[in-house]
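Notes for the one structure printed next.
In what follows, chains carry the letters A, B, and so on, assigned in the order in which the sequence lines appear, proteins first and then strands, with residues in each chain numbered from 1. Reckoned from all heavy atoms, side chains included, excluding hydrogens, waters and symmetry mates.
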Protein chains: 2
Amino acid sequence: MASTPSPIRLQTRAVVRSLLAQTAMQLFAEKGFDETTVDEVAAAAGVSRRTLFNYFRTKEDLALSGLSEQGEVIAARLAGRPADEDVWVSLRHAFEVLDEIEASPENRLEIVSMLFDNDSLRAGHAEKQARWTDLLAPLIEPKLPASESRGFEARAIVGAAITCLQAATEEWLRLRGSMALFDLYDTAVAAIRTSN
Amino acid sequence: MASTPSPIRLQTRAVVRSLLAQTAMQLFAEKGFDETTVDEVAAAAGVSRRTLFNYFRTKEDLALSGLSEQGEVIAARLAGRPADEDVWVSLRHAFEVLDEIEASPENRLEIVSMLFDNDSLRAGHAEKQARWTDLLAPLIEPKLPASESRGFEARAIVGAAITCLQAATEEWLRLRGSMALFDLYDTAVAAIRTSN
DNA sequence: CATAGTGGTGCACTAAGTGCAAGTTGCTTC
DNA sequence: GAAGCAACTTGCACTTAGTGCACCACTATG
């Protein structure tokens, strides 16, 4: 059954998946998300509509699948930070991998615009980023002082940090990329953590 | 044209809208969101499917329309807080109206469960709450020290506060309501605002 | 060469959402 | 009170997302 999906199978599957996502993003960037049908994506990728839905649960996933992987990369980076480092500093360093893995910075603005243009897409984007909390909170929880509610506190902190990242992204988009994303992020964090 | 939609028209429209949302929530609570079709809601409300879509843009809106109104109530309360009050204190007081307007606390758990059960519904819920930022940030901006980025800082703070509320709601749900929502909220705010 | 398992595909179907072209209702104005 | 106007309602046809199912093609293994 689902015992050993075979390592080679998994790999080809991952490659196809990535190819499909790439094709989709291409079309979304050209024509816009709403104006692109799933059939068009399937046709452009040379695959049947049905097969496409074998790789992605929804059309939205085609545009947002990258976010889950980004979350894992951030988590990996976070796990490598020194144990006694301040949680906010650790999170900031972990987030910075985004600058490294983000494909071609030139069309980054275009992609982010697309993501924020559509209501349900923006919601899905925020939700996927919020899901990063599930990956990151367990990693910073041990850094917090012992307490019965430490797990919850960890989730609150990670959630707030992600919110700062989102606010920064929104502002970065509004300024059309004229300010560095992480400068905005720092401003946001300072704003919420400084009294008055 | 859209000059004077007539006050009486607006009022009946609001009543019908509220009635439809109520009917929908009833069915959603009984059978679940995904298992309820828009046609069923329309039929139960004694109205045509097409008319229902005249009142609500999407099925999701049927479940989430209340959130926009809640945002306005919170904004109204926030506007009434003293000008020199600490922003976090003001926000906390403003959020507290949720305890007042929330219909029947007994099925509140049921409703929140329903909202968090469905992926896109949860995303839509979070997004709608995030939109509260647009209403609340302008009200707290004047309370912040002058700065070129004051508007952005206000958005970050409000966003973080909303995130705390969401984290608290999530935890409240996990504990099946055994702890007061606002005690959890306070814990979350303390966690993000206290060094280490 | 037979066979079993796996992935791709076509087909038919449900359900959300939209555009349009009616019909209905109720209010204004003469 | 009648004519007319504007907004509300509705049915219908259509597009698109998403799913269940059955069948086909390929491949690895005995």
Exercise for the section: Check whether any side-chain N or O of B/Arg49 sits under 3.5 Å from a backbone N or O of B/Ala42 as a donor-acceptor pair, and report yes or no. Expected result: no
Margin query: Check for me whether A/Arg13 meets the cation-pi criterion with A/Tyr55, that is, NZ or CZ under 6.0 Å from the six-membered ring centre and within 45 degrees of the ring axis.
Written below: yes
Taken to the nearest whole Å, NZ/A/Lys59 to P/C/dA16 is 17 Å
Rounded to whole Å, CZ of A/Arg17 lies from C1' of C/dG8 at a distance of 17 Å
*asked:* For a quick check of understanding: with a heavy-atom distance under 4.0 Å over all strands, which category does B/Phe56 fall into, base, sugar-phosphate or nothing?
replied: nothing
- Item | No-H, no-angle donor-acceptor pair, A/Arg50 side chain to C/dG7 base, under 3.5 Å | no
Separation of D/dA17 atom C1' from A/Asp61 atom CG, nearest Å, is 13 Å
CZ of B/Arg122 to CE of B/Met114, rounded to nearest 0.5 Å, is 14.0 Å
- Query: Hey, does A/Thr36 reach any base, or is it just sugar-phosphate, or nothing, if we go heavy atoms under 4.0 Å?
  - Reply: sugar-phosphate
Rounded to whole Å, the CG-P distance (A/Asp34 to C/dG17) equals 12 Å
**Asked** With a 3.5 Å cut-off and just heavy-atom distances, do the side chain of B/Arg49 and the base of C/dG17 make a donor-acceptor pair?
**Response** yes
Within the structure shown, what part of the strands sits under 4.0 Å from B/Asn54 by heavy-atom distance: base, sugar-phosphate, or nothing? base
Rounded to whole Å, the CZ-P distance (B/Phe53 to D/dC14) equals 19 Å
- Task: Please report the C-alpha distance between B/Arg108 and B/Asp99 in whole Å, then the side-chain angles of each, then the deciding distance to 0.1 Å, and finally whether the salt bridge (Lys or Arg N to Asp or Glu O under 4.0 Å) criterion is met.
- Result: CA-CA 11 Å; B/Arg108 184 166 155 184; B/Asp99 267 347; 3.2 Å; yes
A/Leu62 atom CG is separated from D/dG18 atom C1', nearest whole Å, by 13 Å
request  = Could you tell me whether the side chain of B/Glu85 and the main chain of B/Pro82 form a donor-acceptor pair under 3.5 Å?
outcome  = no
Looking only at C/dT9, C/dA16, D/dT10, the nucleotide nearest the A/Thr51 side chain is C/dT9
To the nearest angstrom, the CG-C1' distance between B/Asp39 and D/dG11 comes to 13 Å
Q) A/Arg57 near the nucleic acid: base, sugar-phosphate alone, or nothing, with a heavy-atom cut-off under 4.0 Å? A) sugar-phosphate
Which part of the nucleic acid, if any, lies within contact of A/Arg13, taking any heavy atom under 4.0 Å across all strands shown: a base, the sugar-phosphate backbone alone, or nothing? nothing
Between CG of A/Leu52 and C1' of C/dG10 the distance, given in whole Å, is 15 Å
Side-chain N or O of A/Ser48 closer than 4.0 Å to phosphate OP1/OP2 of C/dT9:
yes
**OP1 or OP2 of D/dC8 under 4.0 Å from side-chain N/O of B/Tyr55** = no
